[in-house]
Amino acid sequence: MADSTRVRFAPSPTGLLHIGGLRTALYNYLFTKHHGGAFIVRIEDTDQSRYVEEAEQDILDSLKWAGLNWDEGPGTESAYGPYHQSKRSELYKKYAEQLIADGYAYYAFDTTEDIEQMRERLKKSGNPSPKYDSITRQSMKNSLTLPQDEVKRRLEAGDEYVVRLKVPRKETVRFTDIIRGVVSFDTQGLDDQVLLKSDGLPTYHLANVVDDHEMGITHVIRGEEWLSSAPKHMLLYQYLGWEAPEMAHLPLIMSPSGGKLSKRKAEQEGIPINVRDYIQQDYEPEAVINFLAYLGWGPGDDREVMTLDEMIKEFSLDRVSKAGAVFNFKKLTWYNEHYMREKSDDELLPRIKKVAEKEGYEASDDYLKTILGLMRDRVSRLPEVIELGRYFFEAPAEYDEKSTKKSWKEQTPALVQKYLDEISRLGESDFKAATLKEKLSEVIEAEGVGFGKLMLPVRVSVTGMGFGPDLFETMELLGKEETESRIQKALEVLGK
RNA sequence: GCCGCGUUCGUCUAGGGGUCUAGGACGCCGCCCUUUCACGGCGGUAGCACGGGUUCGAAUCCCGUACGCGGUACCA
């Protein structure tokens, strides 16, 4: 193909990468890779006031963690670079001036106060949403209303100014969105968008159009929050004499309580919002990716689990749904459990080792692998293997009240004591799960009670909890000495 | 308010005029497996927002209404 697909993910370094941003990046990635095209990352750092130092690195790290490697972008420059908008100021300035020369834009010298006043005036006279538009610009200070020589004078004197798009009074802007079909807007509802700010940097609107054109972007795939400003962009393409790329506005990810999944809402509802949170909490990247892809897209058949490569093969924008998708945290958990269980002990070992070290536990690789095998079907995230399995590293400091109440009865101490006596007679090398289970069976048979009558109290004694992996395997792993001392201690604490 | 976009089980979705007594997944409930807790297996629960058309026939097409969401900045 002569015109191969080129898409971009264009985050703004104003904060850590949002989980919704990752989905936008993912859809861009899947789309372009499906067509054998390029995935470009462009940093939209035109807002100096909101710039966050560590944001860019976080965004890049998050993309890498998710497996979305870019063909062009920071650190991977090419002829289309640079990939930071802050390094392309000259370009935007040039095109802004071209637009002015062609009569599609103009200089505006109004101060923030001037505009504020205009808004207030209009509001008072009954206009609920005053805009700097084809009507109001006639009474403002700009190169359309000021005498030519004053404009020149102000420019030369270095007066602050912005460049605004001269949006026509009454026109209909129509374009086809890949996901939504034909959408149309009347220019009456648009304002004379600021293109170049007084600090000389462009706004998103100018910058994204210029860069998408200069970088040969063929498809713009972005969140629905951009749909409303798309007509301004279409106008810009037209005025600049460029062919606009294909547009696709993705449905938003919603919070369970409704509305765009904002930081505040997500936190309130216990949903981690930053990709960094998922990295820190040791989520499986495959799970996050799979979950995110399915939030608004699906292959059309019954498959729920898919690798990145399979998704690339299957992905198509016309299977993306139009309506917003509520973030279903339980489903993410399900995906995470699924992928975690699919992985081998060896694969998980380095990560679980890190968690153990962080918690201050020391253990051999074999020991950790055994715990992994015992715990992995019982936890939702990898670190929980350690968090819920502390008894593999230290004797229980206390015994779960509910489980104790349920299992520790009148006759219990005698029973447990009897079992303790039995296993004490075992040799170090006989302290195996099968034997330990056998011994327990012998005791309950001799005493004529049910299995649980003894097994549960022993479990509480050894782990402090009423549930968990196979008790006998656990005891074997802990070893004879540790196990016996724990049972001994429980008898003392919980009563004989 | 205005502009735009949307609306199938609680949630993510399949469905694109008859094959829909609407399928799958998560969740939830039950059963089986297991003398713990899980995993796993099996089964169940629950939905076409509403009102008009068009048509022999509509979840599917059209128009309204309602509701939801987004936008309305010298932020992206």
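Each chain gets a letter, A, B and so on, in the order its sequence line appears, and its residues count up from 1. Just the heavy atoms: all of them, side chains too, but no hydrogens, waters or symmetry mates, feed the values below.
In this structure, A/His219 has its ring center closer than 6.0 angstrom to the ring center of A/Phe31.
Put simply, A/Arg164 has a side-chain N or O that comes within less than 4.0 Å of OP1 or OP2 on B/C74. For A/Lys131, no side-chain nitrogen or oxygen approaches OP1 or OP2 of B/C3 to under 4.0 Å. A close approach under 4.0 Å does not occur between any side-chain nitrogen or oxygen of A/Ser49 and OP1 or OP2 of B/C75.
Look at A/Arg42 and A/Glu44 and you find a salt bridge, because one of the NZ, NE, NH1 or NH2 atoms lies within 4.0 Å of a carboxylate O, short of that distance. A salt bridge between A/Lys170 and A/Asp186 is absent, with no side-chain N of the basic residue lying under 4.0 Å from a carboxylate O of the acidic one. Using a 4.0 Å cut-off between charged nitrogen and carboxylate oxygen, A/Arg303 and A/Asp301 count as a salt-bridge pair. Comment: A/Lys439 engages A/Glu442 in a salt bridge, judged by a side-chain N to carboxylate O separation of less than 4.0 angstrom. Classification of A/Arg381 and A/Glu384 as a salt-bridged pair holds, one side-chain N sitting under 4.0 Å from a carboxylate O. Under 4.0 Å is where a charged nitrogen must lie from a carboxylate oxygen, and between A/Asp133 and A/Arg169 no such pair does. Classification of A/Glu304 and A/Lys331 as a salt-bridged pair holds, one side-chain N sitting under 4.0 Å from a carboxylate O.
Distance noted for atom P between B/C26 and B/G40: 9 Å (whole Å). The separation of B/G71 from B/U65, taken at their P atoms, amounts to 24 Å, rounded to a whole angstrom. Comparing B/C37 with B/C31, their P atoms are spaced 13 Å from each other, to the whole Å. Comparing the C1' positions of B/G30 and B/U7 gives a spacing of 33 Å, expressed to the nearest Å. With C1' as the reference atom, B/A25 and B/A46 are 14 Å apart, rounded to whole Å. Straight-line distance between the C1' atoms of B/C3 and B/C9: roughly 33 Å, to the nearest whole Å. Distance check on atom P: B/C33 versus B/C28 gives 22 Å, rounded to whole Å. Comparing the P positions of B/A14 and B/G23 gives an interatomic distance of 15 Å, to the nearest angstrom.
Pairing of B/C74, defined by two Watson-Crick or G-U wobble distances under 3.5 Å, is not identified with any nucleotide. As the counterpart of B/C5, B/G68 is assigned, both hydrogen-bonding distances of the Watson-Crick or G-U wobble pattern falling under 3.5 Å. With a cut-off of 3.5 Å on both pairing distances, B/U60 has no Watson-Crick or G-U wobble partner at all. Remark: B/C20 base-pairs with no nucleotide in the shown strands. Criterion, Watson-Crick or G-U wobble with two distances under 3.5 Å. B/A38 is unpaired under the Watson-Crick or G-U wobble criterion, no partner having all donor-acceptor distances under 3.5 Å. Pairing of B/G10, defined by two Watson-Crick or G-U wobble distances under 3.5 Å, is identified with B/C26.
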Under-3.5 Å N/O pairs linking protein and nucleotides 41-46 of chain B:
none

Please produce a list of atom pairs where a protein N or O lies less than 3.5 Å from an N or O of nucleotides 7-12 of chain B.
unit_1: B/U11; atom_1: O2; unit_2: A/Asn328; atom_2: ND2; d: 3.4
unit_1: B/C12; atom_1: OP1; unit_2: A/Val326; atom_2: N; d: 3.1
unit_1: B/C12; atom_1: O2'; unit_2: A/Tyr294; atom_2: O; d: 2.6

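In this structure, CZ on A/Arg88 lies 3.5 Å from CE on A/Met215, to the nearest 0.5 angstrom. With rounding to the nearest 0.5 angstrom, the CE atom of A/Met140 is 10.5 Å from the CG atom of A/Asp192.
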- Item | Residues A/Tyr283, A/Tyr339; criterion ring-ring contact (aromatic ring centres under 6.0 Å, His included); working and verdict | CA-CA 10 Å; A/Tyr283 275 83; A/Tyr339 279 102; over 10 Å; no
- Message: Test salt bridge (Lys or Arg N to Asp or Glu O under 4.0 Å) on A/Asp345 and A/Arg376; report intermediate values, then the result.
- Response: CA-CA 9 Å; A/Asp345 290 346; A/Arg376 68 150 88 234; 2.6 Å; yes
- Which is it for A/Tyr132 and A/Asn142 under the side chain to side chain donor-acceptor pair (under 3.5 Å) test, yes or no, and what are the steps along the way? CA-CA 11 Å; A/Tyr132 200 121; A/Asn142 53 57; 3.1 Å; yes
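A/Lys437 comes within 4.0 angstrom of the backbone, heavy atoms only, and of no base. If you check every strand for non-hydrogen atoms under 4.0 Å, A/Ser228 touches a base. When heavy atoms are screened at a 4.0 angstrom cut-off, A/Asp301 is found touching no nucleic acid atom at all. Residue A/Thr333 is out of contact with every strand shown, counting any heavy-atom pair closer than 4.0 Å. Residue-level contact check: A/Lys260 touches the backbone only, with heavy atoms under 4.0 Å from sugar-phosphate atoms and none from bases. Across all strands, A/Pro469 comes closer than 4.0 Å to base atoms (heavy-atom distances). Among the heavy atoms of the strands, none lies under 4.0 Å from A/Gly298. If you check every strand for non-hydrogen atoms under 4.0 Å, A/Leu227 touches sugar and phosphate atoms only. Looking at heavy-atom distances under 4.0 Å, A/Asp110 makes contact with a base.
Between the CD1 atom of A/Ile59 and the P atom of B/A76 there is a distance of 14 Å, given to the nearest Å. Rounding to whole angstrom units, CD of residue A/Glu337 and C1' of B/C37 are separated by 14 Å. As a whole-Å value, the separation of A/Glu224 CD from B/G71 C1' is 10 Å.
Looking at the side chain of A/Leu252, the nearest of the listed nucleotides B/C69, B/C74, B/A76 is B/C69. Listed nucleotides: B/C5, B/A76, B/C37. Nearest to the side chain of A/Arg180: B/C5. With B/A76, B/G27, B/U36 as the candidates, the nucleotide lying closest to the side chain of A/Trp334 is B/G27. Between B/A73, B/A76, B/G6, one nucleotide has an atom nearer to the side chain of A/Glu225 than all others, and that is B/A76. With B/G4, B/C69, B/C75 as the choices, the nucleotide that has an atom nearest any side-chain atom of A/Met254 turns out to be B/C69. Among the nucleotides B/G15, B/A76, B/A38, the one closest to the side chain of A/Arg319 is B/G15. Of the candidate nucleotides B/C37, B/U72, B/C5, B/U72 has the atom lying nearest to any side-chain atom of A/Ser129. Nearest to the side-chain atoms of A/Thr203 among the listed nucleotides B/G70, B/C75, B/C37 stands B/C75. The side chain of A/Arg341 lies closest to B/C39, out of B/C39, B/U35, B/A73.
Taking for each of A/Arg459 and A/Asp186 the nucleotide of RNA chain B with the nearest heavy atom, the 5'-most of the two is the partner of A/Asp186. Place A/Thr112 and A/Phe467 on RNA chain B by their nearest nucleotides, and A/Phe467 ends up nearer the 5' end.
By the 30° and 60° cut-offs, the orientation of the rings of A/Tyr27 relative to A/Phe315 is tilted.
In this entry the base of B/C37 is anti relative to its sugar, with a glycosidic angle more than 90° from 0.
The base of B/C74 sits with one of its N or O atoms less than 3.5 Å from a complementary donor or acceptor on the side chain of A/Ser198. Between the side chain of A/Arg50 and the base of B/C75 there is at least one donor-acceptor pair of N/O atoms closer than 3.5 Å.
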